[in-house]
Amino acid sequence: METKIFTIQDDKEDEKKIAEAAELIRSGGLVAMPTETVYGLAANGLDEEACRKIFAAKKRPPDNPLILHITEVEQIKDLIVDYTEKDLRLMEELWPGPMTLIYRKSERIPDAVTAGGDTVAVRIPSHRIARQFIEACGVPLAAPSANVSGRPSPTNARDVLQDMEGRIEGIIDGGDSSIGIESTVVDMTGKVPVILRPGFYTPEFLTHYMGEVRLDDAILDQDVAPRSPGQKYKHYAPKAELRVYVGERKALCTKLQEKVRQLQAQGMKVGVMTFSENMDFIEGDRKIAMGSFEDITQMGSRLFSAFRQMDAWGMDIILMEGVEDSGYGVSLMNRIKKASGGKIERIKG
Ligand code: TXA
Ligand code: MG
């Protein structure tokens, strides 16, 4: 199949392109769309067969459920059953945005969306084009990240095409995703909300709106089995081996430089991903600046595309500077730990 690219150019053609892409969804096809977190691979979320195609295109394990994307809180009343007025108010406050909520599912939801389970994940994205597209489709869109399972999530149309060319009907190119890592997933089915996947909305931020919020134990302890199916797989990984270092700046630069030399002496091509402030102090075959350490959201927006870039350059190994496990750092390190298979070394200063 030919994958059609719909490039959004902020002109009067955009509406036609979005309408054409929506037609592909209504006829049961798959279209990748930009969101503020990462690109999603969308299908009609009420069409069992269309949702099954997502699993095939992504080679996704069948036990891993999908997120439904809508544009108005009102629409959730058809999709879930166990909400209260308080829940609806919370949704009005926190959506649209990079957060997914899990509730008990209604009868309308196909099994392919929930992987046979009795709960469903829902999100209202804030991305303008995503919202226009969902509205044009006129149905909730089931959309996981638009990568082949296990690979880094795509944050631009080029990265989607790399994984999905010939496997899906279309891609809406709406530029770079600003956040760059996936939404915070919160299980709302118990007494206390539980974060199953950390994201841009941190526990500290959510507590302000929700009161007590817990982090699933598996997020900080790699030996605990996660409650969210998607969290149990090795994930987000570049093809190159990834090793991560955390610690005091000066000692870390010295250590990284030493490692680069050792590995190069063994004939390896070594890529380095470090904060902008440290770029001049570490050599490497290729280097990518992860933004300033004073604003780690920049690291988030570059993380996945940097992994793919290192692979495109043919690096054998990537040495990367990590961050502390606090605040947004927990979310970034969650992705980085999974991508590296847990290879994190703490450098003592
Ligand atoms: O930011 C995002 O969430 C992006 C954009 C496209 O919206 N989507 C995304 O979808 O990251 P995906 O499928 O790559 O990740 C969904 C995560 C998985 O870890 C999955 O296991 C979990 O949400 N999930 C979905 N439904 C669930 C459910 N009913 N119970 C527990 N976990 C669920
Ligand atoms: Mg994913």
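Along the sequence shown, residues carry numbers from 1. Indexing begins at 1, ligand by ligand and atom by atom, following the structure's order.
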- Is there a donor in the side chain of Ser183 and an acceptor in the side chain of Arg197, or the other way round, less than 3.5 Å apart? yes

- Task: Distance to 0.1 Å, residue and atom name: give those for the protein heavy atom nearest to atom 19 (O) of ligand 1.
- Result: Gly230 CA, 3.3 Å

- Hydrophobic cluster mates of Val194, side-chain heavy atoms under 4.5 angstrom, ILVMFWY only, any path? Ile102, Val185, Leu196

- Message: Working note: Gln257 + Glu283, criterion side-chain contact (heavy atoms from CB on, under 4.5 Å); need CA distance, chi angles, decisive distance, verdict.
- Response: CA-CA 6 Å; Gln257 185 59 81; Glu283 302 297 319; 3.4 Å; yes

- Note on the structure: atom 23 (O) of ligand 1 sits nearest the protein heavy atom Val185 CG2, 3.9 Å

- Message: I want to know if ligand 1 touches Ser145 in the polar sense, i.e. an N/O pair below 3.5 angstrom.
- Response: yes

- Among Thr189, Leu141, Ile102, Ile109, the residue with a heavy atom nearest to atom 30 (N) of ligand 1 is Ile102

- Between Ser178 and Glu36, is any side-chain donor less than 3.5 angstrom from a side-chain acceptor? no

- Message: Taking 2.8 Å as the distance threshold, tell me the number of protein N/O/S atoms next to the Mg ion (ligand 2).
- Response: 1

- Query: Does any N or O in the side chain of Asp285 come within less than 3.5 Å of the main-chain N or O of Val270, such that one atom is a donor and the other an acceptor?
  - Reply: yes

- Note on the structure: In ligand 1, the atoms that come under 4.0 Å of a heavy atom of Ser183 are 1 (O), 2 (C), 3 (O)

- Arg335 versus Ser153, side-chain donor and acceptor atoms under 3.5 Å: no

- Message: Could you identify the single nearest non-hydrogen protein atom to atom 27 (C) of ligand 1 and state the distance to 0.1 Å?
- Response: Pro65 CG, 3.3 Å

- State whether Arg52 and Glu48 are salt-bridged, where the test is any N-O pair (Lys NZ or Arg NE/NH1/NH2 against Asp/Glu carboxylate O) under 4.0 Å. yes

- Would you indicate whether the side-chain heavy atoms of Glu182 and Tyr236 approach each other to under 4.5 Å? yes

- Looking at Asn64, which atoms of ligand 1 are within less than 4.0 Å of one of its heavy atoms? 18 (C), 20 (C), 21 (O)

- Message: Yes or no: does His69 have any heavy atom under 4.0 Å from an atom of ligand 1?
- Response: yes

- Message: Can you tell me which residue among Glu169, Glu23, Glu20 is in a salt bridge (Lys or Arg N to Asp or Glu O under 4.0 Å) with Lys4?
- Response: Glu20

- Message: For Arg60, state whether at least one heavy atom is located under 4.0 Å from any atom of ligand 1.
- Response: yes

- Task: Kindly identify the option in Arg197, Glu182, Met33 whose heavy atom sits closest to atom 15 (O) of ligand 1.
- Result: Arg197

- Quick one: does Asp216's side chain have a donor or acceptor within less than 3.5 Å of a partner on Arg227's backbone? yes

- Run the salt-bridge test on Arg346 and Glu324 with the 4.0 Å N-O cut-off and return the result as yes or no. yes

- Message: Over 60° means perpendicular and under 30° means parallel, so tell me whether Phe275 and Phe293 are parallel, tilted or perpendicular.
- Response: perpendicular

- Is the shortest side-chain N to carboxylate O distance from Glu92 to Arg89 below 4.0 Å? no

- Task: Considering the heavy atoms of Ile67, write down every atom of ligand 1 situated less than 4.0 Å from one of them.
- Result: 3 (O), 8 (N), 9 (C), 10 (O), 16 (C)

- Numbered in order shown, the ligand 1 atoms found under 4.0 Å of a heavy atom of Gly40 are 6 (C)

- Query: So which bit of Thr119 gets within less than 4.0 Å of ligand 1, heavy atoms only: side chain, backbone, both or neither?
  - Reply: both

- Query: For ligand 1, is there an N or O atom under 3.5 Å from any N or O atom of Lys58?
  - Reply: no

- Task: Check whether the side chains of Asp87 and Thr84 place a donor and an acceptor atom closer than 3.5 Å, and report yes or no.
- Result: yes

- Message: So for Thr114, does at least one of its heavy atoms come nearer than 4.0 angstrom to any atom of ligand 1?
- Response: no

- So between Ala143, Ala130, Ser228, whose heavy atom ends up nearest atom 8 (N) of ligand 1? Ala143

- Message: Give the atom numbers and elements of ligand 1 that come within less than 4.0 Å of a heavy atom of Thr37.
- Response: 1 (O), 2 (C), 4 (C), 5 (C)

